[in-house]
Amino acid sequence: MAGSKSRETKVAPLSRAAKRGLLQSSKRFFLSIVIGQWPVIFVIGFSLLAPQFIGIYSESYRLIILALLVAVVYAAYSSGLRQGLVSAVLAVLFNTYILSNEVVTVSINDDAVRSILLLVVVLPGVASVIGYLKERNDFFLAKEKQARTQAEKSEQRLRFMAEAMPQKIFTANPSGKIDYLNQQWLEYSGLTFKELKSNNFTIMLHRDDNSEVERRWWHSMETGEPFQVESRLKRADGKFHWHLTRAEALRSNQGKIIMWVGSSTDIEDVRRTRRLEANTKQLIEERRQLKVLNKAKDEFISLASHQLRTPATGVKQYIGMLLEGYAGKISKQQRSMLRHAFDSNEREITIINDLLRVAQLDAGKVHLHVAKTNMTSLIQDVLDEQKSAFKARQQTITFAAGKTSIMAPIDAARMRMVLENLIDNAGKYTPDGKKIEVGLAKKAGRVLVTVADEGIGIEPEDKEKIFEKFARLESPLSVAAEGSGLGLYWTKQIIDLHGGSISVDSKPGEGSTFTLSLPA
Ligand code: ADP
(Lines give C-alpha, C1' and ligand atoms only; values in the text may rest on other atoms or scores of the structure.)
Protein backbone atom coordinates (compact mmCIF):
# COMPACT_ATOMS: atom_id res chain seq x y z
CA MET A 1 0.00 0.00 0.00
CA ALA A 2 1.21 3.43 -0.95
CA GLY A 3 0.10 4.92 2.40
CA SER A 4 1.93 2.42 4.61
CA LYS A 5 4.99 2.76 2.42
CA SER A 6 5.09 6.46 2.94
CA ARG A 7 4.88 6.03 6.70
CA GLU A 8 8.01 3.88 6.77
CA THR A 9 10.81 5.60 8.56
CA LYS A 10 14.14 5.52 6.92
CA VAL A 11 17.03 5.44 9.29
CA ALA A 12 19.79 7.55 7.84
CA PRO A 13 23.09 5.63 7.66
CA LEU A 14 25.62 6.92 10.16
CA SER A 15 28.32 9.11 8.70
CA ARG A 16 31.94 8.02 8.96
CA ALA A 17 32.79 10.70 11.48
CA ALA A 18 29.77 9.82 13.62
CA LYS A 19 30.77 6.15 13.53
CA ARG A 20 34.30 7.02 14.58
CA GLY A 21 33.00 9.20 17.38
CA LEU A 22 30.69 6.47 18.61
CA LEU A 23 33.53 3.96 18.51
CA GLN A 24 35.82 6.25 20.42
CA SER A 25 33.33 7.07 23.13
CA SER A 26 32.45 3.38 23.63
CA LYS A 27 36.19 2.59 23.73
CA ARG A 28 36.60 5.23 26.42
CA PHE A 29 33.63 3.87 28.31
CA PHE A 30 34.96 0.28 28.34
CA LEU A 31 38.46 1.43 29.12
CA SER A 32 37.21 3.42 32.12
CA ILE A 33 35.27 0.40 33.34
CA VAL A 34 38.30 -1.87 32.88
CA ILE A 35 40.63 0.62 34.59
CA GLY A 36 38.23 0.88 37.53
CA GLN A 37 38.38 -2.91 37.91
CA TRP A 38 42.04 -3.14 38.58
CA PRO A 39 41.71 -4.16 42.29
CA VAL A 40 39.44 -7.11 41.49
CA ILE A 41 41.44 -8.05 38.39
CA PHE A 42 44.55 -7.93 40.52
CA VAL A 43 43.05 -10.34 43.09
CA ILE A 44 41.76 -12.65 40.33
CA GLY A 45 45.07 -12.58 38.50
CA PHE A 46 47.00 -13.27 41.66
CA SER A 47 44.67 -16.19 42.53
CA LEU A 48 45.04 -17.69 39.04
CA LEU A 49 48.77 -17.15 38.66
CA ALA A 50 49.69 -18.59 42.03
CA PRO A 51 47.24 -21.50 42.52
CA GLN A 52 49.91 -23.65 44.06
CA PHE A 53 50.79 -20.99 46.56
CA ILE A 54 47.14 -20.38 47.43
CA GLY A 55 46.29 -24.06 47.38
CA ILE A 56 48.82 -24.82 50.11
CA TYR A 57 46.71 -23.09 52.65
CA SER A 58 43.42 -24.45 53.84
CA GLU A 59 42.23 -20.90 54.56
CA SER A 60 43.10 -19.62 51.09
CA TYR A 61 39.54 -19.62 49.80
CA ARG A 62 38.49 -17.36 52.67
CA LEU A 63 41.47 -15.20 51.94
CA ILE A 64 40.51 -14.85 48.28
CA ILE A 65 36.94 -13.99 49.30
CA LEU A 66 38.25 -11.38 51.73
CA ALA A 67 40.61 -9.91 49.12
CA LEU A 68 37.73 -9.76 46.61
CA LEU A 69 35.56 -8.03 49.20
CA VAL A 70 38.25 -5.43 49.84
CA ALA A 71 38.84 -5.00 46.09
CA VAL A 72 35.14 -4.45 45.40
CA VAL A 73 34.80 -1.97 48.26
CA TYR A 74 37.88 -0.14 47.05
CA ALA A 75 36.63 -0.06 43.44
CA ALA A 76 33.28 1.33 44.61
CA TYR A 77 34.94 3.83 46.91
CA SER A 78 37.46 5.07 44.39
CA SER A 79 35.42 4.97 41.18
CA GLY A 80 31.75 5.03 42.14
CA LEU A 81 28.60 2.96 41.90
CA ARG A 82 28.99 1.56 38.37
CA GLN A 83 32.55 0.37 38.93
CA GLY A 84 31.60 -1.11 42.29
CA LEU A 85 28.79 -3.09 40.76
CA VAL A 86 30.91 -4.36 37.86
CA SER A 87 33.60 -5.37 40.37
CA ALA A 88 30.96 -7.18 42.43
CA VAL A 89 29.77 -9.10 39.32
CA LEU A 90 33.36 -10.02 38.44
CA ALA A 91 33.94 -11.21 42.00
CA VAL A 92 30.78 -13.37 41.96
CA LEU A 93 31.71 -14.85 38.55
CA PHE A 94 35.22 -15.61 39.77
CA ASN A 95 33.81 -17.25 42.91
CA THR A 96 31.62 -19.46 40.74
CA TYR A 97 34.65 -20.34 38.62
CA ILE A 98 36.72 -21.20 41.69
CA LEU A 99 34.02 -23.42 43.09
CA SER A 100 33.29 -25.23 39.82
CA ASN A 101 36.93 -25.70 38.78
CA GLU A 102 38.25 -26.41 42.25
CA VAL A 103 41.05 -23.87 41.90
CA VAL A 104 41.33 -24.05 45.64
CA THR A 105 40.34 -26.85 47.87
CA VAL A 106 36.95 -26.00 49.22
CA SER A 107 34.68 -28.35 51.05
CA ILE A 108 31.13 -27.23 50.74
CA ASN A 109 30.42 -26.52 54.33
CA ASP A 110 28.78 -23.66 56.20
CA ASP A 111 31.78 -21.43 55.69
CA ALA A 112 31.73 -21.83 51.97
CA VAL A 113 27.99 -21.19 51.87
CA ARG A 114 28.44 -18.12 53.99
CA SER A 115 31.22 -16.92 51.65
CA ILE A 116 29.06 -17.50 48.60
CA LEU A 117 26.18 -15.66 50.22
CA LEU A 118 28.57 -12.90 51.19
CA LEU A 119 29.76 -12.49 47.65
CA VAL A 120 26.39 -12.91 45.91
CA VAL A 121 24.22 -10.83 48.25
CA VAL A 122 26.36 -8.59 50.40
CA LEU A 123 29.01 -7.52 47.90
CA PRO A 124 26.71 -5.89 45.30
CA GLY A 125 24.84 -4.25 48.19
CA VAL A 126 27.98 -2.89 49.81
CA ALA A 127 29.31 -1.78 46.44
CA SER A 128 26.02 -0.02 45.66
CA VAL A 129 25.92 1.82 49.00
CA ILE A 130 29.57 2.83 48.93
CA GLY A 131 29.41 3.74 45.23
CA TYR A 132 26.25 5.73 45.76
CA LEU A 133 27.75 7.63 48.71
CA LYS A 134 30.92 8.27 46.77
CA GLU A 135 29.02 9.61 43.77
CA ARG A 136 26.86 11.82 45.96
CA ASN A 137 29.92 13.15 47.70
CA ASP A 138 31.63 13.81 44.37
CA PHE A 139 28.50 15.51 43.13
CA PHE A 140 28.33 17.90 46.09
CA LEU A 141 32.04 18.59 45.95
CA ALA A 142 31.76 19.45 42.26
CA LYS A 143 28.77 21.68 42.94
CA GLU A 144 30.58 23.52 45.72
CA LYS A 145 33.61 23.99 43.49
CA GLN A 146 31.40 25.34 40.72
CA ALA A 147 29.70 27.78 43.15
CA ARG A 148 33.06 28.93 44.44
CA THR A 149 34.39 29.53 40.93
CA GLN A 150 31.24 31.41 40.05
CA ALA A 151 31.50 33.59 43.17
CA GLU A 152 35.14 34.30 42.38
CA LYS A 153 34.20 35.19 38.82
CA SER A 154 31.41 37.56 39.83
CA GLU A 155 33.62 39.20 42.45
CA GLN A 156 36.28 39.63 39.78
CA ARG A 157 33.67 41.19 37.48
CA LEU A 158 32.48 43.55 40.26
CA ARG A 159 36.02 44.64 41.03
CA PHE A 160 36.65 45.22 37.33
CA MET A 161 33.52 47.36 37.13
CA ALA A 162 34.52 49.28 40.25
CA GLU A 163 37.93 50.03 38.77
CA ALA A 164 36.39 51.23 35.51
CA MET A 165 34.04 53.69 37.26
CA PRO A 166 34.90 57.39 37.55
CA GLN A 167 33.58 57.46 41.13
CA LYS A 168 35.52 56.40 44.14
CA ILE A 169 34.17 53.01 45.24
CA PHE A 170 34.78 51.26 48.55
CA THR A 171 33.56 48.29 50.54
CA ALA A 172 33.64 47.74 54.29
CA ASN A 173 33.03 44.69 56.43
CA PRO A 174 29.90 44.52 58.61
CA SER A 175 31.73 46.13 61.51
CA GLY A 176 32.58 49.16 59.41
CA LYS A 177 36.23 48.51 58.57
CA ILE A 178 37.21 49.45 55.01
CA ASP A 179 38.45 46.39 53.11
CA TYR A 180 38.44 47.51 49.48
CA LEU A 181 39.12 50.81 47.66
CA ASN A 182 39.24 51.25 43.89
CA GLN A 183 42.14 52.88 42.07
CA GLN A 184 40.35 56.27 41.91
CA TRP A 185 40.90 56.74 45.65
CA LEU A 186 44.63 56.30 45.29
CA GLU A 187 44.82 58.63 42.29
CA TYR A 188 42.74 61.33 43.99
CA SER A 189 44.48 61.26 47.36
CA GLY A 190 47.99 60.32 46.29
CA LEU A 191 48.01 57.93 49.25
CA THR A 192 48.58 54.19 49.34
CA PHE A 193 45.87 51.62 49.95
CA LYS A 194 47.47 50.81 53.30
CA GLU A 195 47.49 54.45 54.44
CA LEU A 196 43.87 54.96 53.49
CA LYS A 197 42.68 51.69 54.97
CA SER A 198 44.52 52.06 58.24
CA ASN A 199 42.38 54.97 59.43
CA ASN A 200 39.15 54.59 57.47
CA PHE A 201 39.71 57.71 55.31
CA THR A 202 40.08 60.13 58.23
CA ILE A 203 43.49 61.09 56.84
CA MET A 204 41.71 62.68 53.83
CA LEU A 205 38.85 64.32 55.69
CA HIS A 206 38.65 68.03 56.42
CA ARG A 207 39.03 68.66 60.13
CA ASP A 208 35.66 70.41 60.35
CA ASP A 209 33.79 67.50 58.73
CA ASN A 210 35.47 64.71 60.67
CA SER A 211 33.14 64.39 63.64
CA GLU A 212 29.95 64.55 61.54
CA VAL A 213 31.22 61.88 59.13
CA GLU A 214 32.24 59.62 62.02
CA ARG A 215 28.93 60.11 63.80
CA ARG A 216 26.89 59.18 60.70
CA TRP A 217 29.14 56.25 59.76
CA TRP A 218 28.92 54.56 63.15
CA HIS A 219 25.20 55.29 63.33
CA SER A 220 24.74 53.40 60.04
CA MET A 221 26.95 50.56 61.30
CA GLU A 222 24.76 50.20 64.41
CA THR A 223 21.38 50.55 62.72
CA GLY A 224 22.09 49.22 59.21
CA GLU A 225 20.54 52.39 57.79
CA PRO A 226 22.02 53.80 54.55
CA PHE A 227 24.96 56.17 55.03
CA GLN A 228 25.08 59.55 53.30
CA VAL A 229 27.19 62.62 53.96
CA GLU A 230 28.65 65.67 52.20
CA SER A 231 32.22 66.34 53.25
CA ARG A 232 35.49 67.78 52.04
CA LEU A 233 38.17 65.31 50.93
CA LYS A 234 41.81 66.28 50.45
CA ARG A 235 43.30 65.92 46.98
CA ALA A 236 46.89 64.94 46.30
CA ASP A 237 47.74 68.64 45.73
CA GLY A 238 46.41 69.55 49.19
CA LYS A 239 43.17 71.14 47.96
CA PHE A 240 39.85 70.05 49.44
CA HIS A 241 36.93 69.14 47.19
CA TRP A 242 33.37 68.59 48.38
CA HIS A 243 32.20 64.98 47.96
CA LEU A 244 28.89 63.22 48.35
CA THR A 245 29.55 59.85 49.97
CA ARG A 246 26.90 57.13 50.13
CA ALA A 247 26.98 53.54 51.35
CA GLU A 248 24.38 50.77 51.52
CA ALA A 249 24.42 47.47 53.39
CA LEU A 250 24.49 44.31 51.29
CA ARG A 251 22.45 41.64 53.09
CA SER A 252 22.20 37.84 52.90
CA ASN A 253 18.87 36.09 52.20
CA GLN A 254 18.41 35.94 55.96
CA GLY A 255 18.81 39.72 56.22
CA LYS A 256 22.25 39.63 57.81
CA ILE A 257 24.65 42.36 56.70
CA ILE A 258 27.41 40.80 54.56
CA MET A 259 29.22 43.99 53.63
CA TRP A 260 28.87 47.74 53.00
CA VAL A 261 29.24 49.04 49.45
CA GLY A 262 29.80 52.75 48.99
CA SER A 263 30.82 55.48 46.57
CA SER A 264 32.11 59.06 46.76
CA THR A 265 31.36 61.59 44.04
CA ASP A 266 33.16 64.90 43.57
CA ILE A 267 30.44 67.57 43.88
CA GLU A 268 32.75 70.59 43.99
CA ASP A 269 31.29 71.95 40.73
CA VAL A 270 27.74 71.28 41.88
CA ARG A 271 28.39 73.11 45.16
CA ARG A 272 30.04 75.98 43.32
CA THR A 273 27.04 76.25 40.98
CA ARG A 274 24.73 76.15 44.01
CA ARG A 275 26.75 78.94 45.67
CA LEU A 276 26.73 80.96 42.43
CA GLU A 277 23.00 80.50 42.11
CA ALA A 278 22.49 81.74 45.65
CA ASN A 279 24.78 84.73 45.00
CA THR A 280 23.02 85.52 41.73
CA LYS A 281 19.67 85.39 43.50
CA GLN A 282 20.95 87.76 46.15
CA LEU A 283 22.41 90.09 43.52
CA ILE A 284 19.16 90.11 41.57
CA GLU A 285 17.29 91.01 44.74
CA GLU A 286 19.82 93.74 45.58
CA ARG A 287 19.57 95.05 42.03
CA ARG A 288 15.79 95.16 42.31
CA GLN A 289 16.04 97.09 45.57
CA LEU A 290 18.61 99.45 44.06
CA LYS A 291 16.37 100.06 41.08
CA VAL A 292 13.52 100.96 43.42
CA LEU A 293 15.84 103.30 45.36
CA ASN A 294 17.25 104.79 42.17
CA LYS A 295 13.78 105.43 40.82
CA ALA A 296 12.81 107.12 44.08
CA LYS A 297 15.99 109.22 43.89
CA ASP A 298 15.33 110.22 40.25
CA GLU A 299 11.79 111.19 41.17
CA PHE A 300 13.12 113.23 44.08
CA ILE A 301 15.66 115.06 41.89
CA SER A 302 13.03 115.76 39.27
CA LEU A 303 10.57 117.06 41.84
CA ALA A 304 13.18 119.09 43.73
CA SER A 305 14.48 120.65 40.49
CA HIS A 306 11.00 121.66 39.46
CA GLN A 307 10.39 123.17 42.86
CA LEU A 308 13.73 125.02 42.79
CA ARG A 309 13.36 126.34 39.28
CA THR A 310 10.22 128.36 39.98
CA PRO A 311 11.73 130.52 42.79
CA ALA A 312 15.05 130.82 40.86
CA THR A 313 13.18 132.08 37.82
CA GLY A 314 11.40 134.53 40.11
CA VAL A 315 14.76 135.78 41.47
CA LYS A 316 16.10 136.15 37.92
CA GLN A 317 13.07 138.14 36.89
CA TYR A 318 13.16 140.56 39.84
CA ILE A 319 16.93 141.14 39.78
CA GLY A 320 16.62 141.76 36.05
CA MET A 321 13.90 144.35 36.72
CA LEU A 322 16.08 146.04 39.38
CA LEU A 323 19.02 146.14 36.94
CA GLU A 324 16.85 147.66 34.28
CA GLY A 325 15.78 150.44 36.67
CA TYR A 326 12.15 149.45 37.19
CA ALA A 327 12.45 150.38 40.87
CA GLY A 328 14.34 153.60 40.37
CA LYS A 329 17.95 154.53 39.89
CA ILE A 330 20.64 152.27 41.38
CA SER A 331 24.17 153.19 42.31
CA LYS A 332 27.24 151.69 40.59
CA GLN A 333 27.99 149.55 43.63
CA GLN A 334 24.39 148.34 43.83
CA ARG A 335 24.53 147.44 40.12
CA SER A 336 27.73 145.45 40.60
CA MET A 337 26.26 143.51 43.52
CA LEU A 338 23.03 142.88 41.65
CA ARG A 339 25.04 141.64 38.63
CA HIS A 340 26.84 139.12 40.87
CA ALA A 341 23.52 137.98 42.28
CA PHE A 342 22.09 137.68 38.76
CA ASP A 343 25.08 135.62 37.49
CA SER A 344 24.99 133.30 40.51
CA ASN A 345 21.31 132.78 39.98
CA GLU A 346 21.96 132.05 36.30
CA ARG A 347 24.45 129.34 37.27
CA GLU A 348 21.94 127.86 39.67
CA ILE A 349 19.32 127.76 36.94
CA THR A 350 21.82 126.01 34.63
CA ILE A 351 22.44 123.35 37.25
CA ILE A 352 18.72 122.94 37.89
CA ASN A 353 18.14 122.60 34.13
CA ASP A 354 20.91 119.99 33.91
CA LEU A 355 19.30 118.07 36.76
CA LEU A 356 15.92 118.21 35.13
CA ARG A 357 17.28 117.07 31.77
CA VAL A 358 19.04 114.09 33.36
CA ALA A 359 15.99 113.20 35.45
CA GLN A 360 13.90 113.20 32.30
CA LEU A 361 16.44 111.02 30.53
CA ASP A 362 16.65 108.50 33.41
CA ALA A 363 12.88 108.31 33.57
CA GLY A 364 12.93 107.30 29.88
CA LYS A 365 10.94 110.35 28.98
CA VAL A 366 13.32 111.60 26.28
CA HIS A 367 12.08 110.85 22.77
CA LEU A 368 14.14 112.09 19.85
CA HIS A 369 12.60 114.04 17.00
CA VAL A 370 14.95 112.96 14.27
CA ALA A 371 15.15 114.84 10.99
CA LYS A 372 17.79 115.25 8.32
CA THR A 373 19.78 118.25 9.51
CA ASN A 374 22.66 120.23 8.14
CA MET A 375 25.41 119.49 10.64
CA THR A 376 27.82 122.03 9.12
CA SER A 377 25.54 124.97 9.81
CA LEU A 378 24.52 123.60 13.22
CA ILE A 379 28.14 123.56 14.37
CA GLN A 380 28.78 126.97 12.85
CA ASP A 381 25.77 128.35 14.79
CA VAL A 382 27.06 127.00 18.10
CA LEU A 383 30.52 128.43 17.44
CA ASP A 384 29.08 131.85 16.64
CA GLU A 385 27.07 131.77 19.87
CA GLN A 386 30.13 130.98 21.98
CA LYS A 387 32.52 133.31 20.10
CA SER A 388 32.52 135.95 22.83
CA ALA A 389 33.38 133.43 25.58
CA PHE A 390 36.42 132.23 23.62
CA LYS A 391 37.44 135.78 22.89
CA ALA A 392 37.31 136.60 26.61
CA ARG A 393 39.80 133.75 27.21
CA GLN A 394 41.93 134.76 24.22
CA GLN A 395 41.41 131.30 22.75
CA THR A 396 41.32 130.68 19.00
CA ILE A 397 38.68 128.36 17.72
CA THR A 398 38.73 126.95 14.21
CA PHE A 399 36.20 124.88 12.31
CA ALA A 400 37.49 122.58 9.57
CA ALA A 401 34.40 121.87 7.51
CA GLY A 402 34.52 120.61 3.93
CA LYS A 403 33.24 122.56 1.00
CA THR A 404 29.94 120.76 0.90
CA SER A 405 27.61 120.67 3.86
CA ILE A 406 27.23 117.40 5.69
CA MET A 407 23.73 116.18 6.49
CA ALA A 408 22.80 113.77 9.31
CA PRO A 409 19.56 112.32 10.70
CA ILE A 410 19.48 113.91 14.18
CA ASP A 411 17.31 115.59 16.79
CA ALA A 412 18.61 119.09 16.05
CA ALA A 413 17.67 120.70 19.39
CA ARG A 414 19.35 118.01 21.45
CA MET A 415 22.36 117.75 19.14
CA ARG A 416 22.83 121.48 19.54
CA MET A 417 23.01 121.01 23.34
CA VAL A 418 25.50 118.16 22.88
CA LEU A 419 27.75 120.36 20.72
CA GLU A 420 27.38 123.31 23.10
CA ASN A 421 28.46 121.09 25.95
CA LEU A 422 31.55 119.68 24.17
CA ILE A 423 32.69 123.05 22.82
CA ASP A 424 32.02 124.75 26.16
CA ASN A 425 34.07 122.05 27.96
CA ALA A 426 36.94 122.47 25.48
CA GLY A 427 37.07 126.17 26.33
CA LYS A 428 36.59 125.66 30.10
CA TYR A 429 39.31 123.03 30.52
CA THR A 430 41.89 124.74 28.29
CA PRO A 431 44.17 127.50 29.55
CA ASP A 432 43.74 130.99 28.14
CA GLY A 433 45.37 131.81 24.81
CA LYS A 434 45.33 128.19 23.49
CA LYS A 435 43.67 126.71 20.40
CA ILE A 436 40.51 124.65 19.93
CA GLU A 437 39.75 122.86 16.68
CA VAL A 438 36.37 121.56 15.61
CA GLY A 439 36.17 119.09 12.73
CA LEU A 440 33.37 117.53 10.70
CA ALA A 441 33.73 114.69 8.20
CA LYS A 442 31.86 111.78 6.63
CA LYS A 443 33.60 108.42 6.68
CA ALA A 444 32.35 104.92 5.92
CA GLY A 445 28.70 105.78 6.35
CA ARG A 446 29.29 107.71 9.58
CA VAL A 447 29.33 111.40 10.37
CA LEU A 448 32.31 112.24 12.58
CA VAL A 449 32.51 115.38 14.72
CA THR A 450 35.75 116.13 16.58
CA VAL A 451 36.44 118.73 19.24
CA ALA A 452 40.17 118.98 19.99
CA ASP A 453 41.70 121.23 22.61
CA GLU A 454 45.14 121.97 24.05
CA GLY A 455 43.82 121.74 27.57
CA ILE A 456 44.63 119.95 30.80
CA GLY A 457 43.88 116.52 29.34
CA ILE A 458 42.41 113.45 31.03
CA GLU A 459 44.25 110.59 32.75
CA PRO A 460 43.68 107.19 31.06
CA GLU A 461 41.91 105.79 34.15
CA ASP A 462 39.41 108.70 34.06
CA LYS A 463 38.40 108.27 30.43
CA GLU A 464 35.37 106.13 31.32
CA LYS A 465 34.60 107.97 34.54
CA ILE A 466 33.89 111.37 32.93
CA PHE A 467 30.77 109.95 31.26
CA GLU A 468 29.26 108.99 34.63
CA LYS A 469 26.76 111.07 36.55
CA PHE A 470 28.22 113.92 38.68
CA ALA A 471 31.77 113.10 37.54
CA ARG A 472 34.14 116.03 38.08
CA LEU A 473 37.88 115.49 37.91
CA GLU A 474 40.14 117.32 40.30
CA SER A 475 42.34 120.00 38.77
CA PRO A 476 42.86 123.73 39.39
CA LEU A 477 40.98 124.48 36.16
CA SER A 478 38.05 122.26 37.17
CA VAL A 479 37.71 124.21 40.39
CA ALA A 480 37.64 127.46 38.50
CA ALA A 481 35.33 126.13 35.79
CA GLU A 482 31.86 125.72 37.11
CA GLY A 483 29.76 122.70 36.28
CA SER A 484 27.45 120.04 37.60
CA GLY A 485 29.31 116.98 36.28
CA LEU A 486 26.18 116.02 34.36
CA GLY A 487 27.02 117.38 30.91
CA LEU A 488 28.97 114.42 29.49
CA TYR A 489 26.63 111.88 31.11
CA TRP A 490 23.68 113.49 29.37
CA THR A 491 25.68 113.86 26.12
CA LYS A 492 26.55 110.19 26.01
CA GLN A 493 22.96 109.11 26.62
CA ILE A 494 21.71 111.37 23.83
CA ILE A 495 24.38 110.09 21.41
CA ASP A 496 23.46 106.51 22.35
CA LEU A 497 19.81 107.28 21.61
CA HIS A 498 20.94 108.43 18.15
CA GLY A 499 22.65 105.06 17.62
CA GLY A 500 26.02 106.79 17.75
CA SER A 501 29.03 106.69 20.03
CA ILE A 502 31.32 109.11 21.84
CA SER A 503 34.97 108.57 22.68
CA VAL A 504 37.88 110.58 24.02
CA ASP A 505 41.54 110.54 23.16
CA SER A 506 43.74 112.50 25.52
CA LYS A 507 47.24 113.17 26.78
CA PRO A 508 47.34 114.67 30.26
CA GLY A 509 48.79 118.21 30.09
CA GLU A 510 48.64 118.30 26.29
CA GLY A 511 44.98 118.18 25.37
CA SER A 512 41.95 116.06 24.55
CA THR A 513 39.98 115.14 21.47
CA PHE A 514 36.34 114.17 21.81
CA THR A 515 34.91 112.30 18.80
CA LEU A 516 31.24 111.81 18.03
CA SER A 517 30.35 109.09 15.55
CA LEU A 518 26.81 109.25 14.21
CA PRO A 519 24.99 107.20 11.62
CA ALA A 520 24.83 109.10 8.36
P1 ADP B 1 31.07 119.65 34.01
O2 ADP B 1 29.80 120.32 34.20
O3 ADP B 1 31.85 119.45 35.24
O4 ADP B 1 31.85 120.20 32.87
P5 ADP B 1 30.90 117.36 32.32
O6 ADP B 1 30.06 116.13 32.47
O7 ADP B 1 30.72 118.12 31.10
O8 ADP B 1 30.66 118.16 33.62
O9 ADP B 1 32.39 116.91 32.43
C10 ADP B 1 32.78 116.05 33.44
C11 ADP B 1 34.23 116.24 33.82
O12 ADP B 1 35.06 115.81 32.75
C13 ADP B 1 34.63 117.66 34.05
O14 ADP B 1 34.34 118.08 35.36
C15 ADP B 1 36.11 117.66 33.75
O16 ADP B 1 36.81 117.28 34.90
C17 ADP B 1 36.24 116.59 32.68
N18 ADP B 1 36.29 117.16 31.33
C19 ADP B 1 35.28 117.37 30.48
N20 ADP B 1 35.73 117.87 29.30
C21 ADP B 1 37.06 118.01 29.43
C22 ADP B 1 38.10 118.50 28.55
N23 ADP B 1 37.86 118.97 27.31
N24 ADP B 1 39.37 118.47 29.00
C25 ADP B 1 39.65 118.02 30.23
N26 ADP B 1 38.72 117.55 31.11
C27 ADP B 1 37.43 117.57 30.70
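Side chains are part of it too, since the values below use all heavy atoms of this structure and drop only hydrogens, waters and symmetry mates. Numbering of ligands and ligand atoms starts at 1, following listing order.
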Check if [X] has a non-hydrogen atom at a distance under 4.0 Å from any atom of ligand 1.
{"X": "E474", "value": "no"}
{"X": "F514", "value": "yes"}
{"X": "S512", "value": "yes"}

query: Should the ring pair W185 and F170 be called parallel, tilted or perpendicular, given that the plane angle runs from 0 to 90° and is split at 30 and 60?
result: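 It falls in the perpendicular class, over 60°.
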
Salt bridge or not between [X] and [Y]? Use side-chain N to carboxylate O under 4.0 Å.
{"X": "R215", "Y": "E212", "value": "yes"}
{"X": "R274", "Y": "E277", "value": "no"}
{"X": "E285", "Y": "R287", "value": "no"}
{"X": "R416", "Y": "D381", "value": "yes"}
{"X": "E144", "Y": "R148", "value": "yes"}
{"X": "D362", "Y": "K295", "value": "no"}

Top protein contact for [atom], by heavy-atom distance:
{"atom": "atom 8 (O) of ligand 1", "value": "G485 CA, 3.2 Å"}
{"atom": "atom 6 (O) of ligand 1", "value": "L488 N, 2.7 Å"}
{"atom": "atom 11 (C) of ligand 1", "value": "A471 O, 3.4 Å"}
{"atom": "atom 17 (C) of ligand 1", "value": "I466 CG2, 4.0 Å"}
{"atom": "atom 3 (O) of ligand 1", "value": "R472 NE, 2.6 Å"}
{"atom": "atom 26 (N) of ligand 1", "value": "I458 CG1, 3.6 Å"}
{"atom": "atom 13 (C) of ligand 1", "value": "Y429 OH, 3.4 Å"}
{"atom": "atom 16 (O) of ligand 1", "value": "L473 N, 3.1 Å"}

field: Backbone or side-chain N or O of Y489 under 3.5 Å from ligand 1 N or O
entry: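 Between Y489 and ligand 1 (N or O atoms, distance only) the closest approach is not under 3.5 Å.
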
Stepwise salt bridge (charged side-chain N to carboxylate O under 4.0 Å, His left out) test for D432 and R393: CA-CA 5 Å; D432 290 357; R393 290 191 287 253; 5.0 Å; no

Numbered atoms of ligand 1 (with element) below 4.0 Å of S484, judged on heavy atoms: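 Matching atoms, with element in brackets: 2 (O).
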
task: Please identify which atoms of ligand 1 are closer than 4.0 Å to at least one heavy atom of I456.
output: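 Per the distance check, 25 (C).
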
- request: Evaluate whether atom CZ of R157 has more than 12 neighbouring non-hydrogen atoms of other residues, nucleotides or ligands under 6.0 angstrom away.
  value: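 Count not over threshold, so no.
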
- prompt: Between D453 and ligand 1, which residue portion shows a heavy-atom distance shorter than 4.0 Å: side chain, backbone, both, or neither?
  reply: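 Only the side chain of D453 comes within reach of ligand 1.
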
- prompt: Is it the side chain (CB and beyond), the backbone, both or neither of T491 that lies under 4.0 Å from ligand 1, heavy atoms counted?
  reply: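 Neither part.
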
query: So is R339 actually on top of F342's ring, under 6.0 Å and inside 45° of the axis?
result: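 Cation-pi check for R339 and F342: passes.
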
